[in-house]
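Report on one structure; see the data block that follows.
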Amino acid sequence: MWGVYTSRTKLWLVQENREPQTFSLKFKRAEDYPIDLYYLMDLSYSMKDDLENVKSLGTALMTEMEKITSDFRIGFGSFVEKTVMPYISTTPAKLRNPCTGDQNCTTPFSYRNVLNLTSEGNRFNELVGAQQISGNLDSPEGGFDAIMQVAVCGKQIGWRNVTRLLVFSTDAGFHFAGDGKLGGIVLPNDGRCHLENNLYAMSHYYELKNLIPKSAVGTLSANSSNVIQLIIDAYNSLSSEVILENSKLPKGVTINYKSYCKNGVNGTGENGRKCSNISIGDEVKFEISVTANECPKKGQNETIKIKPLGFTEEVEINLQFICECQCQNEGEANSPDCHEGNGTFECGACRCNEGRIGRLCECSTDEVNSEDMDAYCRRENSTEICSNNGECICGQCVCKKRENTNEVYSGKYCECDNFNCDRSNGLICGGNGICKCRVCECYPNYTGSACDCSLDTSTCMASNGQICNGRGTCECGTCNCTDPKFQGPTCEMCQTCLGVCAEHKDCVQCKAFRKGEKKETCSQECSYFNMTLVESRDKLPQPNQPDPLSHCKEKDVDDCWFYFTYSVNSNNEPIVHVVDTPECPTGPDIIPIVAGVVAGIVLIGLALLLIWKLLMIIHDRREFAKFEKEKMNAKWDTGENPIYKSAVTTVLVNNWWSVCWMYLIRSTVS
């Protein structure tokens, strides 16, 4: 993943003057670097639903990792707990099935290597799909035992000399050193591989003591459905950071780091060991200084190894100590140049007599503990001697001199200077203060970290004599309007307030159209703004311009509408834009109006007439229908008058007298 530009370096360390030797390391994040990923999962009963999602992880993760590298392998291992009481139940029935009820669980185990690293995602799905949940008694799990075996059993698991990622998935805590005593486990872990038939066989003998130095943590969802995204995020986080570590230093040798990271970020001390947020193709640089404070007793060479934490690439530093020079034969013993004869002046430096220390042998070991003299030159909780800005002499810091004599390091630990304060306009403290111990002390009427904030309020004074028109606060010579309706350099512009347009209407009218109430006094009263004529309303400035703007529509003396805008620029100068042609209303056309009225009356009359005629037709039809209905319902015979009554009465008699009488009667009537 990382390309190391320097692989082996030889340094000659001169002990007498403690001269540091400095060299550079450059790292570049490589593209398409091979990756081995081993998924280590807790198979205690509480992880049952998570196992279902992990069963299909192989091919899905392969697909995602192909976007990062073309050479990717994946393996799988599982763990439960130490296989002794009180961590699991050792009764035969519980050993066969540690789960309760009708749940079918596998025998408890500490760690099992299920699948060696492979490029076959389907093989991962197949073997993981055959796994079963197990169980234990206590809440913490034996996860750290499993991590140790995964790390040290490289041959059995198949680790290559490439980027190695271990994904540790669990929902419980882990046992710490000392927990094993409950089960009679007292031996610390020996850091060796103890896999027998892919099972860890020594969990009941050893306990783990050390945590993982470089790792990333993510939170699984309830069923581990987000595991792939967590893996990708963790990989990107870990691979984008480089942290240097070194092997154990020889006695009397110190090492200091300085980093030159991305985007101009530099670090010293512990921060000088690392760089973050590094993308593929980015290059970072480290300056490493090694100093010998004393010579080894036997004068042998020493070796230091420096490597990025979590990766296999390393740089080997071969240290050769120069403790004596040829010029030592010409040295002056008890030289006055060595603090009143307290040392031998040789090779341009003092070699102190026994009991004396310091650059000029000016200190006595009775006064200063030479073994930890540098401790007096380090600030609390810091590894930097004299803040890397000076030398520690007799337990006191002597600060470096700079080429620019105006730039000075100071302070007990050389932690202060007068040139690293905040700048404004390219000047230290903006030219308005003095830099003391990397903090600006501002002159009167200035404040801020770079003394770039003026306390002068004259630039915030409004035309009414109020600061920011009484509608804001003056901050660093600029108005911060607290009333959102008001804007402008002095909070005097209000786009929504009534009166802005009316206030300037007469002056705009007289300057643009030479008419209005101020026509005669226009040059005297209306010279306070600059005016620009435009052809149409579309050419007026729009609200998205930087200066506050008001759009106005007003009537002139001829009842015509004219349009203009009013704004104030950054120099507090009013600017007016006016449409050069007013919009005047035209008189009404009488003939169309009269014709329209007459036509309307006629149409209304015709409509009323038609309505009346329609109503009459409807009424007649209803009456005729009523007549027809009554006619059909009549009770008399249409062939005889119902009021006619015959004058003839027929009487039947039995004798001829009766016949004669009837005849007489009929004759009489006739």
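Here the structure is a predicted model, which means the values were calculated and not measured. Index from 1, following the sequence.
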inquiry  = If you count every heavy atom of other residues, nucleotides or ligands that lies below 6.0 Å from Glu475 atom CD, does the total exceed 12?
reply    = yes
request  = Would you indicate whether Cys451 and Cys442 have their SG atoms under 2.5 Å apart?
outcome  = yes
inquiry  = So Ser536 and Lys539, do their side chains get closer than 4.5 Å, heavy atoms only?
reply    = yes
ask   = In Å, rounded to the nearest 0.5 Å, how long is the span from CZ of Phe564 to CD of Gln509?
value = 10.0 Å
query = Backbone N or O of Ser387 within a donor-acceptor pair of the Asn389 side chain at under 3.5 Å?
reply = yes
message = Would the pair Cys501 and Cys552 meet an SG-SG distance criterion of under 2.5 Å?
response = yes
Asn445 side chain reached by Tyr443 side chain, heavy atoms, under 4.5 Å = no
ask   = Hey, does the Lys NZ or Arg CZ of Lys400 hover above the aromatic six-ring of Tyr409, less than 6.0 Å from the centre and inside 45° of the axis?
value = no
key: Sulfur-sulfur distance Cys435/Cys421 under 2.5 Å   = yes
key: Full working for side chain to side chain contact (heavy atoms under 4.5 Å, CB included) between Lys285 and Leu25   = CA-CA 6 Å; Lys285 175 184 174 183; Leu25 289 180; over 6 Å; no
task = To the nearest 0.5 angstrom, please state how far the CH2 atom of Trp612 sits from the CD1 atom of Ile617.
result = 9.0 Å
ask   = How close do Gly516 and Val557 get, heavy atom to heavy atom, and via which atoms?
value = CA-CG1, 3.8 Å
remark   = To the nearest 0.5 Å, atom CG of Asp620 lies from atom CG of Leu615 at 11.0 Å
request  = Looking only at non-hydrogen atoms, find the nearest pair between Ile428 and Asn418 and report the distance.
outcome  = CD1-O, 4.2 Å
ask   = Does Gly267 offer a backbone N or O that forms a donor-acceptor pair with the side chain of Ser259 under 3.5 Å?
value = yes
query = Do Ser119 and Phe72 have side chains that get closer than 4.5 Å, going by heavy atoms?
reply = no
ask   = Got more than 12 heavy atoms from elsewhere within 6.0 Å of NZ, Lys274?
value = no
ask   = Which pair of heavy atoms, one from Cys397 and one from Cys414, lies closest together, and at what distance?
value = CB-SG, 3.7 Å
key: Nearest heavy atoms of Phe486 and Cys481, plus distance in Å   = O-CB, 3.4 Å
request  = Can you sort out the partners of Asn420 under side-chain hydrogen bond (donor to acceptor under 3.5 Å, both in side chains), two or more places apart, ordered by chain and number?
outcome  = Asp417
task = Applying ring pair (Phe, Tyr, Trp, His ring centres under 6.0 Å), name anything that partners Tyr413, two or more places apart in sequence or on another chain.
result = none
Pairwise salt bridge (charged side-chain N to carboxylate O under 4.0 Å, His left out) hits with a residue in residues 258-273, at least two apart = Lys262-Asp282, Glu270-Arg273
note = In this structure, CG of Asp506 is separated from NZ of Lys518 (nearest 0.5 Å) by 5.5 Å
inquiry  = Tell me whether Tyr563 at atom OH has more than 12 heavy atoms from other residues, nucleotides or ligands lying less than 6.0 Å away.
reply    = yes
request  = Could you walk me through whether Asn480 and Thr473 pass side chain to side chain contact (heavy atoms under 4.5 Å, CB included), step by step?
outcome  = CA-CA 5 Å; Asn480 179 22; Thr473 57; 3.9 Å; yes
request  = Calculate, to the nearest 0.5 Å, the distance between atoms CZ and CD1 belonging to Arg73 and Ile35 respectively.
outcome  = 12.5 Å
task = Any chance you could measure Phe286, atom CZ, to Leu244, atom CG, to the nearest 0.5 Å?
result = 4.5 Å
ask   = Checking Asn256 side chain against Ser289 main chain: does a donor-acceptor pair fall under 3.5 Å?
value = no
Contacts table for residues 520-535: side-chain donor-acceptor under 3.5 angstrom, sequence neighbours left out:
residue: Thr521; atom: OG1; partner: Glu525; partner atom: OE2; Å: 3.1
residue: Tyr528; atom: OH; partner: His504; partner atom: ND1; Å: 2.7

request  = Using a cut-off of 6.0 Å, state whether more than 12 heavy atoms not belonging to Leu606 lie near its atom CG.
outcome  = yes
query = Would Asp36 and Arg160 pass as an ion pair if we require N to O under 4.0 Å?
reply = yes
ask   = According to the salt bridge (charged side-chain N to carboxylate O under 4.0 Å, His left out) rule, which pairs have a member within residues 439-457, sequence neighbours left out?
value = Lys436-Glu441
request  = Kindly give the heavy-atom pair with the smallest separation between Val578 and Leu540, and that separation in Å.
outcome  = N-CD2, 4.3 Å
key: Residues Cys399, Cys386; criterion disulfide (SG to SG under 2.5 Å); working and verdict   = CA-CA 8 Å; Cys399 300; Cys386 299; over 6 Å; no
task = Measure across Phe513 and Val579 and return the closest heavy-atom pair with its distance rounded to 0.1 Å.
result = CZ-O, 3.5 Å
message = Tell me whether Asn404 contacts the main-chain N or O of Asn406 through its side chain, where contact means a donor paired with an acceptor under 3.5 Å.
response = yes
ask   = Is it true that Cys460 and Cys474 have SG atoms closer together than 2.5 Å?
value = yes
message = Contact between Phe419 and Arg402 at the side-chain level, heavy atoms closer than 4.5 Å - yes or no?
response = yes
query = Does Asp483 use its side chain to pair, donor to acceptor, with the backbone of Lys485 at less than 3.5 Å?
reply = yes
request  = For residues Ile306 and Ile255, determine if any side-chain heavy atom of one lies less than 4.5 Å from a side-chain heavy atom of the other.
outcome  = yes
Verdict with reasoning, Lys511 to Val576, per side chain to side chain contact (heavy atoms under 4.5 Å, CB included) = CA-CA 11 Å; Lys511 290 189 71 172; Val576 174; over 6 Å; no
query = Would you say the side chain of Phe27 lies within less than 4.5 Å of the side chain of Glu283, judging by non-hydrogen atoms?
reply = no
query = With no hydrogens and no angle check, is any side-chain donor or acceptor of Thr482 less than 3.5 Å from a backbone partner on Arg471?
reply = yes
ask   = How about Cys479 and Cys468: are their SG atoms under 2.5 Å apart?
value = yes
Intermediate values then yes/no, side chain to side chain contact (heavy atoms under 4.5 Å, CB included), Lys505 and Phe562 = CA-CA 9 Å; Lys505 176 182 82 170; Phe562 65 96; 3.5 Å; yes
message = Please tell me whether Asp422 and Ser449 have a donor and an acceptor in their side chains that are separated by less than 3.5 angstrom.
response = yes
key: salt bridge (Lys or Arg N to Asp or Glu O under 4.0 Å) partners for Lys613, two or more places apart   = none
